[in-house]
K.L.:
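This is the structure I want to talk about, given as structure tokens.
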Amino acid sequence: MFRPDNSPPDSRTPSLQLVFQRGKLVSQLRSPQLCLLEEEVVGRDGWRVQRRHFLGYWHDRPCFAIEIDDRHQLDPMDYQVGSLWQILGRVEEQLFALAGRAAQLLNWERDHQFCGRCGAPMDADPAERAMRCQPCGVISYPRIAPCVIMLVTRGEELLLANNVNHPAGMYSTLAGFIEAGETAEETLIREVKEEVGLDVGRLRYFHSQSWPFPNQLMLGFFAEYRGGEIRCDPEEIADARWFHYRALPRVPPPASVAGQLIQHYVNALSNPVE
């Protein structure tokens, strides 16, 4: 469905656009694909393009991420401007991933206009997705921050936590960034111990998800409880507790890997293999 490519096409095939303004995603309210706009929309409405980044091909049509002038007033009857959260669960997973890719690449290109070593202007490399400093040779690639996200289980119970930055009543799995020199498994064990004071074992990989808030790669795991009492780190966790799988609180949507971890475990308990 989406085919990444670094080289813009030579043909004049009408392209598709993922449009951002002031770092916010522009969605067309009357479009079934919301955030994937036809090229003619940009020209018709007179938007001034400040930056344009080729992404690849969506259903064999060239696709670009563009940043438009923030002084242009968009008609609120036609367009919605907001974060990527506004389309999560409202568009197919691959389109959400494409929008996340677009946002990350625009942010990366904006933040690497100058070399961090010598201060000279950086140029886009024509052969690969990179910014290159000609004077000193530094190459900057798009930033990706690897994280682990884990569902800790104890039989029919799931450990879920309300992060201090989440809405009250929203409980999710634990997560944390992988530090330099760590494996994903070491990070998982450390983060669970630091955030809720528990020991875990029997780690099982689930799957990964690109998560553009702002540039994470989430590595999903299951982990079984091994011991300890819940002691929340007050700087990270407002509340954490064990929930029976038939009596869960409000949890993340299935479009997120956290929601998928929870749903997968609940389904396995609800439909045990004979």
Side-chain angles (χ1 to χ4, degrees), residues 2-10 15-26 35 37 39 42-43 46-58 62-74 81-86 96-148 165 175-184 186-187 190-191 208-219 235-236:
F2 174 68
R3 175 165 53 89
D5 199 314
N6 295 341
S7 303
D10 295 329
S15 65
L16 297 168
Q17 317 283 324
L18 286 148
V19 181
F20 293 80
Q21 186 181 54
R22 295 186 294 274
K24 302 292 186 180
L25 179 66
V26 176
C35 59
L37 280 59
E39 181 180 8
V42 177
W47 297 346
R48 296 177 57 188
V49 176
Q50 295 178 316
R51 289 186 297 125
R52 195 167 187 257
H53 196 104
F54 181 62
L55 301 172
Y57 295 87
W58 178 263
C63 187
F64 290 83
I66 66 172
E67 184 88 29
I68 63 173
D69 194 323
D70 60 6
R71 293 171 294 181
H72 189 91
Q73 296 299 314
L74 301 181
V81 182
S83 75
L84 291 169
W85 288 106
Q86 72 187 19
F96 176 76
L98 179 58
R101 176 193 289 261
Q104 291 177 71
L105 289 176
L106 285 174
N107 290 341
W108 159 72
E109 187 177 358
R110 178 202 62 206
D111 293 346
H112 289 80
Q113 295 297 299
F114 298 93
C115 177
R117 178 185 293 172
C118 72
M122 300 278 275
D123 298 317
D125 192 304
E128 58 181 340
R129 205 177 298 280
M131 299 291 285
R132 184 182 295 272
C133 176
Q134 298 298 335
C136 73
V138 163
I139 303 175
S140 172
Y141 296 96
R143 298 167 297 180
I144 298 174
C147 306
V148 291
N165 297 315
F177 289 97
I178 298 176
E179 295 184 356
E182 278 189 328
T183 65
E186 290 169 341
T187 300
R190 172 182 58 77
E191 285 287 345
S208 63
Q209 181 181 37
S210 176
W211 196 240
F213 299 106
N215 54 1
Q216 285 99 289
L217 175 63
M218 310 299 292
L219 307 175
E235 294 186 0
E236 296 278 348

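Note that the coordinates shown come from a computational prediction; the quantities given were computed from them, not determined experimentally.
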K.L.:
Take the angle between the ring planes of Phe54 and Tyr57 and call it parallel below 30°, perpendicular above 60°, tilted in between.
P.N.:
perpendicular
K.L.:
Would you say Glu109's side chain and Ala124's backbone share a donor-acceptor pair under 3.5 angstrom?
P.N.:
no
K.L.:
Taking atom CZ as the centre, does Arg48 end up with more than 12 heavy-atom neighbours from other residues, nucleotides or ligands that are less than 6.0 angstrom away?
P.N.:
no
K.L.:
Answer yes if the side chains of Arg129 and His53 hold a donor-acceptor pair under 3.5 Å, and no otherwise.
P.N.:
yes
K.L.:
Backbone N or O of Phe213 within a donor-acceptor pair of the Gln216 side chain at under 3.5 Å?
P.N.:
yes
K.L.:
Go through the steps for Asp70 and Arg22 under the test salt bridge (Lys or Arg N to Asp or Glu O under 4.0 Å), then give the verdict.
P.N.:
CA-CA 6 Å; Asp70 60 6; Arg22 295 186 294 274; 5.3 Å; no
K.L.:
Has Arg52 got a side-chain atom pairing as donor or acceptor with Phe64's backbone, closer than 3.5 angstrom?
P.N.:
no
K.L.:
Would you find a donor on one side and an acceptor on the other, under 3.5 Å apart, between the side chain of Glu191 and the backbone of Thr187?
P.N.:
no
K.L.:
State the CE-NE2 distance between Met131 and His112, to the nearest 0.5 angstrom.
P.N.:
8.5 Å
K.L.:
How long is the straight-line distance from CG of Asn215 back to SG of Cys147, given to the nearest 0.5 Å?
P.N.:
8.5 Å
K.L.:
A side-chain contact here means heavy atoms from C-beta on lying under 4.5 Å apart; do Arg117 and Cys133 qualify?
P.N.:
no
K.L.:
Can you establish whether the number of heavy atoms outside Glu235 located under 6.0 Å from its atom CD is more than 12?
P.N.:
no
K.L.:
Is the Trp211 ring parallel, tilted or perpendicular to the Trp85 ring (thresholds 30°, 60°)?
P.N.:
perpendicular
K.L.:
Is there a donor-acceptor pair closer than 3.5 Å between any side-chain N or O of Gln21 and the backbone N or O of Asp69?
P.N.:
yes
K.L.:
With a 4.5 Å heavy-atom cut-off, do Asn107 and Pro214 have their side chains touching?
P.N.:
no
K.L.:
Is the backbone N or O of Gly23 less than 3.5 Å from a side-chain atom of Glu67, with the two atoms forming a donor-acceptor pair by type?
P.N.:
yes
